[in-house]
Amino acid sequence: MKRQRLCSLSDIPDGDSAGFTIDGDDGYPRDLIAVRKEQAVYVYDNNCPHIGAPLDFVPGQFLDAAKEYIFCSNHAALFRIEDGHCVWGPCAGEDLEPLVVDIKGDDVFITPK
């Protein structure tokens, strides 16, 4: 996957999350998590490292109640927003798969690592 536009910065509420689906290199859809903290956006594959299932039961809602961590609704694992590292739950010590994010004006671009 080459660098591509994911969305507008305004599509992700500040302090919140959103879900997106893009075309993967293999021709299959690729589901992503995007979390915005002011002008920074963090993007990860929407796959729990514990069981490979999507993290959200309610589409696009990926944060815990305090909006401090990415929350896996399958088994309540908590991941740091800034690096996707699991700090609690059955996948503790594992990481979400990140994408490189580049923001130009109001446009959010992604590139795989």
Side-chain angles (χ1 to χ4, degrees):
M1 178 175 86
K2 295 182 180 180
R3 180 179 184 260
Q4 66 180 287
R5 184 181 182 280
L6 178 65
C7 64
S8 294
L9 188 60
S10 57
D11 292 334
I12 310 164
D14 187 14
D16 215 336
S17 62
F20 297 92
T21 301
I22 62 169
D23 291 330
D25 289 336
D26 56 6
Y28 291 99
R30 184 174 178 180
D31 294 325
L32 304 176
I33 299 164
V35 181
R36 179 177 169 195
K37 287 183 134 188
E38 297 178 2
Q39 295 303 102
V41 176
Y42 305 91
V43 178
Y44 302 97
D45 278 318
N46 184 8
N47 290 311
C48 175
H50 178 231
I51 58 173
L55 297 163
D56 55 334
F57 278 148
V58 177
Q61 293 185 7
F62 298 100
L63 301 181
D64 67 336
K67 297 189 178 192
E68 293 179 7
Y69 294 95
I70 296 169
F71 176 76
C72 178
S73 57
N74 288 295
H75 55 267
L78 297 173
F79 301 86
R80 289 189 301 237
I81 292 170
E82 295 79 7
D83 62 8
H85 184 73
C86 184
V87 297
W88 191 89
C91 51
E94 296 185 56
D95 300 304
L96 298 174
E97 185 66 35
L99 285 84
V100 176
V101 177
D102 178 27
I103 300 171
K104 297 288 185 199
D106 189 49
D107 294 319
V108 178
F109 295 90
I110 54 169
T111 309
K113 279 198 165 191

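Treat the numbers as computed from the prediction; the structure is a model and nothing was measured. Computed from heavy atoms alone, side chains included, the values below leave out hydrogens, waters and symmetry copies.
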Are Tyr42 and Leu32 grouped together when hydrophobic residues (ILVMFWY) are joined by side-chain heavy atoms under 4.5 angstrom apart?
no

Return the [atom1] to [atom2] distance between [X] and [Y], rounded to the nearest 0.5 Å.
| X | Y | atom1 | atom2 | result |
| --- | --- | --- | --- | --- |
| Cys48 | Asn74 | SG | CG | 6.5 Å |
| Ile81 | Tyr44 | CD1 | OH | 8.5 Å |
| Lys67 | Phe62 | NZ | CZ | 13.0 Å |
| Ile12 | Cys7 | CD1 | SG | 4.0 Å |
| Phe20 | Ile33 | CZ | CD1 | 11.5 Å |
| Asp64 | Ser73 | CG | OG | 12.5 Å |

Are Arg80 and Glu68 within salt-bridge range, i.e. N to O under 4.0 Å?
no

Any donor-acceptor pair under 3.5 Å linking the side chain of Asp14 with the backbone of Glu38?
yes

Could you walk me through whether Gln4 and Ile22 pass side chain to side chain contact (heavy atoms under 4.5 Å, CB included), step by step?
CA-CA 10 Å; Gln4 66 180 287; Ile22 62 169; 3.9 Å; yes

Without hydrogens or angle criteria, can the side chains of Asp31 and Thr21 be said to hold a donor-acceptor pair below 3.5 Å?
yes

Evaluate the criterion side chain to side chain contact (heavy atoms under 4.5 Å, CB included) for residue pair Phe109 and Leu6; output intermediate values, then yes/no.
CA-CA 5 Å; Phe109 295 90; Leu6 178 65; over 6 Å; no

Name the atoms and distances for all side-chain donor-acceptor pairs under 3.5 Å in residues 94-104, with sequence neighbours left out.
unit_1	atom_1	unit_2	atom_2	d
Asp95	OD1	His85	ND1	2.7
Asp102	OD2	Arg3	NE	3.4
Asp102	OD2	Arg3	NH2	2.8

Which heavy atom of Ser8 sits nearest to which heavy atom of Val108, and what is that distance?
C-CG2, 4.2 Å

Please test Val87 against Tyr69 for side chain to side chain contact (heavy atoms under 4.5 Å, CB included), starting from the C-alpha separation and ending with a verdict.
CA-CA 9 Å; Val87 297; Tyr69 294 95; 3.7 Å; yes

Check Asp11, Leu9, Asp16 against Arg36 for a side chain to side chain contact (heavy atoms under 4.5 Å, CB included) and give me the one that passes.
Leu9

Under the side chain to side chain contact (heavy atoms under 4.5 Å, CB included) criterion, do Asp23 and Arg30 qualify, and how do the steps go?
CA-CA 6 Å; Asp23 291 330; Arg30 184 174 178 180; over 6 Å; no

